[in-house]
Amino acid sequence: MSEAEESQCGQRHKSVDALQLGPRKRLSATDPLVHYGHHFGQTIHALCNFQALLMNRILRMGELAETPEENFITEERREHRIFQELLKSVAGLEECLMQGGDDEVDAIAELFTKGASGARGDDTKSLKGSVLDWITPKGQSLVPPLARNVKIDRGFHHERTGALLCPAGLDWSNTETKTKLRSGEIIVTGDQWPLFLYADYHYDPEDPWNGLFRSALLVCAYKHVFTSPSSVDKEPKATRSGNARIHGMTRVTLSSIAYIATQDRFALTSSPMFLRTDMVTDSERFYNSILDVLEDPDEKQEVDDLVVWWNR
């Protein structure tokens with residue numbers, strides 16, 4: 001870690017929620033921490049408030065260092081796990097944080113935020129057009145056609161995107177259901193998972209884990225982001241080359257599955273911009289609801305099987 005990086009550190013005293021997006025600032029500086037933030041946002045936590053994360057963890061390493069683990073709530077323990085991943089990704093970061101001042105911690109947090117938000121924006125833009133290639137049946141065309149750069153006709157307005165976004169358990173082929181989804185009479189929240197998450201876009205109410213997070217659309221988007229756009233039809237393994245190799249990524253992470261699912265879902269919607277305050281797409285709740293299930297100890301066997309499937 002360079003001297004410039006080591007000077008970026010500090011202390012904080014007030015605890016806030018680190019796993020909800022906070023206000024963003026535009027930075028023009030180029031720094032290795034931007035690079036780390038880019039990959040961290042894709043693979044560890046996409047919607048992290050880095051300033052709060054650093055502040056809360058500094059407090060825990062200092063004043064709360066002797067507090068037993070069981071005294072912390074579930075969300076605080078998740079924060080701590082995420083912070084440990086951040087420390088592992090940047091050599092010397094812990095020492096830097098503990099020895100520096102408030103302004104330096106702010107600078108570090110903003111550089112991480114710049115990287116994570118930049119990656120999210122780049123992936124959103126890149127997937128907007130590519131997703132249409134993956135949802136179009138081979139040898140056919142979408143009817144009516146969809147523009148690659150304008151999303152207004154997507155979502156429940158279009159037959160194909162509507163069928164993929166339809167919440168599992170609802171019947172898109174039912175005219176009344178389709179009409180209510182299109183009119184907004186049926187409100188879909190972020191914790192109602194869509195059919196595109198399932199293999200062959202089929203939900204089995206008797207076995208909700210059957211095919212979950214194993215769809216072709218997820219695999220295509222994962223390769224597009226973590227390998228390269230040209231690898232979608234060529235590369236058999238999602239982390240074999242490209243961006244994954246650059247960052248030393250050899251295995252699929254649970255958070256990266258949630259990230260790709262969130263990006264795919266947003267690409268299918270008619271919303272023009274990825275905003276955490278957009279209650280129509282409700283992307284933040286969607287992302288966190290997936291993490292909640294993937295990190296649930298009661299689901300460990302199913303999740304372990306899922307990881308094996310992705311890394312096969």
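Index from 1, following the sequence.
- Residues L306 and R214 form a side-chain contact, since some pair of their non-hydrogen atoms from C-beta on lies under 4.5 Å apart.
- Judged purely by atom type and a 3.5 angstrom limit, D296 has no side-chain atom pairing as donor or acceptor with the backbone of D292.
- Here D282 pairs with R285 in a salt bridge; the nearest charged N to carboxylate O distance falls below 4.0 Å.
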Using residues 182-199 as the side-chain source, report each donor-acceptor pair under 3.5 Å to any protein atom, sequence neighbours left out, with the distance given to one decimal.
residue: R182; atom: NE; partner: F156; partner atom: O; Å: 2.6
residue: S183; atom: OG; partner: T179; partner atom: O; Å: 3.2
residue: S183; atom: OG; partner: K180; partner atom: O; Å: 3.3
residue: S183; atom: OG; partner: E185; partner atom: N; Å: 3.3
residue: T189; atom: OG1; partner: D191; partner atom: OD1; Å: 2.5
residue: T189; atom: OG1; partner: Q192; partner atom: OE1; Å: 3.3
residue: Q192; atom: OE1; partner: T189; partner atom: N; Å: 2.9
residue: W193; atom: NE1; partner: S289; partner atom: OG; Å: 2.9

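- Between F213 and W309, the ring centre distance reaches or exceeds 6.0 Å.
- Y287 contributes a side-chain N or O that, together with a main-chain N or O of A46, makes up a donor-acceptor pair within less than 3.5 Å.
- S256 places no side-chain N or O within 3.5 Å of a backbone atom of V252 that could act as its donor or acceptor partner.
- Between the T124 side chain and the R120 main chain, a donor and an acceptor come within less than 3.5 Å of each other.
- Hydrophobic clustering, defined by side-chain heavy atoms of Ile, Leu, Val, Met, Phe, Trp and Tyr closer than 4.5 Å, groups V150 together with I152.
- Side-chain contact between W134 and V219: absent, with no pair of heavy atoms (C-beta onward) separated by less than 4.5 Å.
- Taking the six-membered ring where the residue is Trp, F226 and H39 present perpendicular rings, their angle passing 60° and hence far from 30°.
- Within the 4.5 Å cutoff, the side chain of L127 has heavy atoms near those of the V225 side chain.
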Check residues 203-210 and write down every donor-acceptor pair under 3.5 Å in which the side-chain atom is one partner and the other belongs to a residue at least two apart or another chain.
residue: D204; atom: OD1; partner: E206; partner atom: N; Å: 2.9
residue: D207; atom: OD1; partner: W209; partner atom: N; Å: 3.4
residue: W209; atom: NE1; partner: E299; partner atom: OE1; Å: 2.8

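- With no hydrogens or angles considered, no side-chain donor-acceptor pair links T253 and S255 at under 3.5 Å.
- The aromatic rings of F40 and F50 sit tilted relative to each other, their planes meeting at an angle between 30° and 60°.
- A distance-only check finds a donor-acceptor pair linking the side chain of E104 to the backbone of G101 [under 3.5 Å].
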field: Residue pair V131, R154: steps toward the side-chain contact (heavy atoms from CB on, under 4.5 Å) verdict
entry: CA-CA 11 Å; V131 74; R154 301 186 191 185; 3.8 Å; yes
